[in-house]
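When reading the values below, keep in mind they use all heavy atoms of this one structure, side chains included, and skip hydrogens, waters and symmetry mates. This structure is a prediction, so every number in the text was calculated from the model and none was measured.
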Amino acid sequence: MASKNTATQQSRAPAPTGMTRQAPLIGIGLKLASTIVFFAMVTVLKIAAERVPIGELVFARNFFGVFPVLMMVGVRGELGLAFQTQNPKGHLVRACIGLTAMVCMFTAYDLLPLPDATAINFATPLIVVVLAFFMLGETVRIYRWSAVAVGFVGILVVLSPHLGEGDFDNSATFGAIAGFMGAAFAALAMITVRKLCVTERTSTIVTWFSLSATVISLLTIPAGWIWPDQAWIIPDLETAGLLVMIGLFGGVGQILLTQSYRYADASTIAPFDYVNMLWAILVGWIVFAEVPVLEVIVGAVIVMAAGIFVIYREHRLGLDRTKDRRASTPSKS
């Protein structure tokens, strides 16, 4: 009887988090490296989107991104454990939500200038606060609600150049709406990851997402039967190289991001997400001749300030979610 009770307790025990140590400078360095690699992926993605449909881009991101992820899991000696799960349904739900976020954000990156799409994506941590209140019953006090409200004002400022004329047929408007939906689904994905982290290993969450998203993304093939411009293509050698790079950059970026949270708390590392705005402006200007309008810059600053305040308050309240962040996949990744 004692052994049975012990087994039951073990099955309900929280998932191991892996070996960590406090080395904030290493963690910040890895985080910054991940932002560079992720933005290299976004740059290649935007180039490839001129000739490849979004569904095929999403498939390439996940399929070729699986290999670096499996390599990381194998190096950690968790390859066998990564496939063991107590909640396969939860992983599939998380994959569907994360894949939807990826489709929306890839669409935004295709249709909008890089600074605009990047700034809209900054809404994700603000939406997480709202969803955590309604779905997880977390206590959210006036300070964080105020920061969220200010942050959403910033998002409206960013969206204003694309929605101000009220024309919902143009591509920029569609891209702006897709970007905000991507941020919302990315936030919902983080909530599902938070639930999975109760019983699942980080390696399990990452592996199941990569493999499930690869398979589910094949469901975008029929979209080409309805919208001819979304029909999958047989890529030439150059385009195939771009697709491989998208996946490899995404997978390596995810590894660097995961490793960064092994060396420093989420509250230390998370603010460096906003370095992406710098890369967006530089890459948009140098590679795509995109110059952000004043509204986008002002709105992005407002959203970043609100996001940093939310991170600060969560740290003060002891809501640091290092394990959750390590196991999640940002929409752009």
**Message:** Parallel, tilted or perpendicular, judged at 30° and 60°: which one describes the rings of F63 and F67?
**Reply:**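 F63 vs F67 ring planes: perpendicular.
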
With distance as the sole test, does [X] use its side chain to make a donor-acceptor pair with the main-chain N or O of [Y] at under 3.5 Å?
X    : Y    : value
S212 : F209 : no
N121 : A117 : no
Q254 : V69  : no
R94  : W208 : no
W145 : V140 : yes
T118 : P115 : no
S203 : V73  : no
N62  : F59  : no

**Request:** Go through the structure and list residues passing side chain to side chain contact (heavy atoms under 4.5 Å, CB included) with A184, not counting sequence neighbours.
**Result:**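 Residues passing side chain to side chain contact (heavy atoms under 4.5 Å, CB included) with A184: I127.
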
**Request:** Could you tell me which residues satisfy side chain to side chain contact (heavy atoms under 4.5 Å, CB included) with L156, sequence neighbours excluded, listed by chain and number?
**Result:**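 Side chain to side chain contact (heavy atoms under 4.5 Å, CB included) list for L156, sorted by chain: empty.
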
Approximate separation, where rounding is to 0.5 Å, of [X] [atom1] and [Y] [atom2]:
X    : Y    : atom1 : atom2 : result
L211 : L70  : CG    : CG    : 6.0 Å
M190 : I97  : CE    : CD1   : 13.0 Å
Y274 : I308 : OH    : CD1   : 6.0 Å
K195 : I191 : NZ    : CD1   : 8.0 Å
L126 : L131 : CG    : CG    : 11.0 Å
Q86  : R201 : CD    : CZ    : 10.5 Å

**Partners passing side chain to side chain donor-acceptor pair (under 3.5 Å) against T239 (at least two apart in sequence or in another chain)** =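 Listed in chain order: R51, D236.
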
**Asked** Mind checking what makes side chain to side chain donor-acceptor pair (under 3.5 Å) contact with K46, not counting sequence neighbours?
**Response**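 Residues passing side chain to side chain donor-acceptor pair (under 3.5 Å) with K46: none at all.
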
**Asked** Taking atom types as modelled and ignoring hydrogens, do the side chains of T85 and H91 form a donor-acceptor contact shorter than 3.5 angstrom?
**Response**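 Their side chains do contain a donor-acceptor pair, which is all the 3.5 Å distance test asks for.
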
**Asked** For the residue pair F249 and F38, is the inter-centroid distance of their aromatic rings smaller than 6.0 Å?
**Response**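 Distance test on ring centres: not under 6.0 Å, no.
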
**Salt bridge flag under 4.0 Å for residues R194 and E138** =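 Counted as a salt bridge, because a side-chain N and a carboxylate O are separated by less than 4.0 Å.
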
**Prompt:** Name the one of I47, V44, T43 that satisfies side-chain contact (heavy atoms from CB on, under 4.5 Å) with M245?
**Reply:**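 Filter result, single survivor: V44.
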
**Message:** Hydrophobic clustering (ILVMFWY, side-chain heavy atoms < 4.5 Å, transitive) - are W285 and V298 grouped together?
**Reply:**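 V298 and W285: separate clusters.
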
**Message:** Is there a path of hydrophobic side-chain contacts, each under 4.5 Å between heavy atoms of I/L/V/M/F/W/Y residues, joining V158 to V153?
**Reply:**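 Different clusters.
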
N/O donor to acceptor pairs below 3.5 angstrom from side-chain atoms of residues 225-234, sequence neighbours left out:
residue	atom	partner	partner atom	Å
Q230	OE1	I54	N	3.2
W232	NE1	T220	OG1	3.4

**Prompt:** Is Y143 atom OH crowded by more than 12 heavy atoms from other residues, nucleotides or ligands, each under 6.0 Å away?
**Reply:**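 No - once you tally the heavy atoms of other residues, nucleotides and ligands closer than 6.0 Å, there are 12 at most.
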
**Item:** Atom CZ of F185 with >12 non-hydrogen neighbours under 6.0 angstrom
**Value:**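 It does not: F185 CZ has 12 such atoms or fewer within range.
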
**Prompt:** For W279, which residues count as a ring-ring contact (aromatic ring centres under 6.0 Å, His included) partner, sequence neighbours excluded?
**Reply:**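 Once residues adjacent in sequence are excluded, W279 has no partner under the ring-ring contact (aromatic ring centres under 6.0 Å, His included) criterion.
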
